[in-house]
Structure formats: C-alpha cells, structure tokens
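The block underneath contains the structure these notes are about, expressed in structure tokens.
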Amino acid sequence: MATIFSNLNTTIESLITTMTSSGARPLNTAQFLSHVEEQNPAIPYSKRRVEEQETAACAVCLSEFTEGESVRNLECKHLFHNGCLDKWLQQCKSTCPLCRNKVVADEVVARYRQQKDDENGTAFDRSHEEMVVLVSSLRGNNNFLGFW
C-alpha cells in the first residue's frame, strides 16, 4: 500500500515539475487578443468581398452584418463580428463557434487560462500542503497530520 502512494507521489511531483518548468509564460488578455488578431485579422464587412457566406448574420449575437463593420473571417469561412468572436475566445474556447475548427492553438489558450486562473486565485499553487490533501483524500484518510 505504501508503494502505491510512493509511486503516486512521484507521479504528482513529476507532473508539477513539468507544469512549472515548461517556460511558457501566461498571456494576459491584451496579449491573447493580439494573438487572435495576428492569426485572424479583423476586416471591414463588405457584401461583395464575402460572397461565399450562407448567412449575413453573426452566429454569436444573431445580428445582421452591416457594410464596413469589423468582422473576422475564419479559415473555415465562418464570419463573426470582431467583438463577438473575441468574447467567445476569451471564455477559453479555441474553436469556431459553429463548426469547432481550431481558431487558436491549444497551448495559447492554456497560457491565457493560466493567467485568468492566477488572477482569480483558482490556480493550483503547487504547494506540498495541497499534495498532502490530494493524496490523503485519494487514500480516504481525513487525518492530514499523519503525513507531517
């Protein structure tokens, strides 16, 4: 039984080390949106420019596009208001709201999510005390002092 928890502890330590030593710094909202803009630049809506669209409305807010409005035309050819798509992606989504094709790389979303978690105080602080609680709860032991 002790060997199982020793192996579990080693595995958890390895995961924590991997998470903390990846070198990828968290992205704040401005950096995240800058990346989105770089990958999918906003363009002014023009009915002539975007003729292959099936609909003339944003699928996020359901409002029709107007001439000159700032929109994002994704690689999958779906079109959204600039602000609507940005809000969608800021919810740590990485795909098109309609077809689920990749819009933002998973690692970019993970770095943004890490920043949001840090801001909200919901991130795992990688402390040994939390590991003791985790291992103890897996073991079914409510007495945490036995580990100290």
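Worth knowing before you read on, the calculation uses all heavy atoms, side chains too, and leaves out hydrogens, waters and symmetry mates. Sequential numbering from 1 along the given sequence is applied to the chain's residues.
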Side chains of [X] and [Y]: closer than 4.5 Å at any heavy-atom pair?
{"X": "S70", "Y": "H81", "value": "no"}
{"X": "C76", "Y": "V103", "value": "no"}
{"X": "V104", "Y": "V36", "value": "yes"}
{"X": "Q115", "Y": "T29", "value": "no"}
{"X": "L74", "Y": "N101", "value": "no"}
{"X": "H78", "Y": "R72", "value": "no"}

Separation of [Y] [atom2] from [X] [atom1] (nearest 0.5 Å):
{"X": "Q90", "Y": "R113", "atom1": "CD", "atom2": "CZ", "value": "13.5 Å"}
{"X": "N82", "Y": "E69", "atom1": "CG", "atom2": "CD", "value": "10.0 Å"}
{"X": "R111", "Y": "N28", "atom1": "CZ", "atom2": "CG", "value": "10.5 Å"}
{"X": "W88", "Y": "T95", "atom1": "CH2", "atom2": "OG1", "value": "6.0 Å"}

Should [X] and [Y] be regarded as members of a common hydrophobic cluster, given that ILVMFWY residues are connected when their side-chain heavy atoms come within less than 4.5 Å of each other, either directly or indirectly?
{"X": "L33", "Y": "V109", "value": "yes"}
{"X": "F80", "Y": "L89", "value": "yes"}
{"X": "L98", "Y": "V71", "value": "no"}

Suppose we screen for side-chain hydrogen bond (donor to acceptor under 3.5 Å, both in side chains). Which residues come up paired with H35, at least two apart in sequence or across chains?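 With neighbours one apart ignored, the set is empty.
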Looking at K87, I want to see if its NZ is surrounded by more than 12 non-hydrogen atoms of other residues, nucleotides or ligands under 6.0 Å.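 Open.
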Q39 atom CD: more than 12 heavy-atom contacts under 6.0 Å: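 Above 12, so yes.
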Under the ring pair (Phe, Tyr, Trp, His ring centres under 6.0 Å) rule, collect the residues that match up with F32, sequence neighbours excluded.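 Checked F32 against ring pair (Phe, Tyr, Trp, His ring centres under 6.0 Å); matches are Y112.
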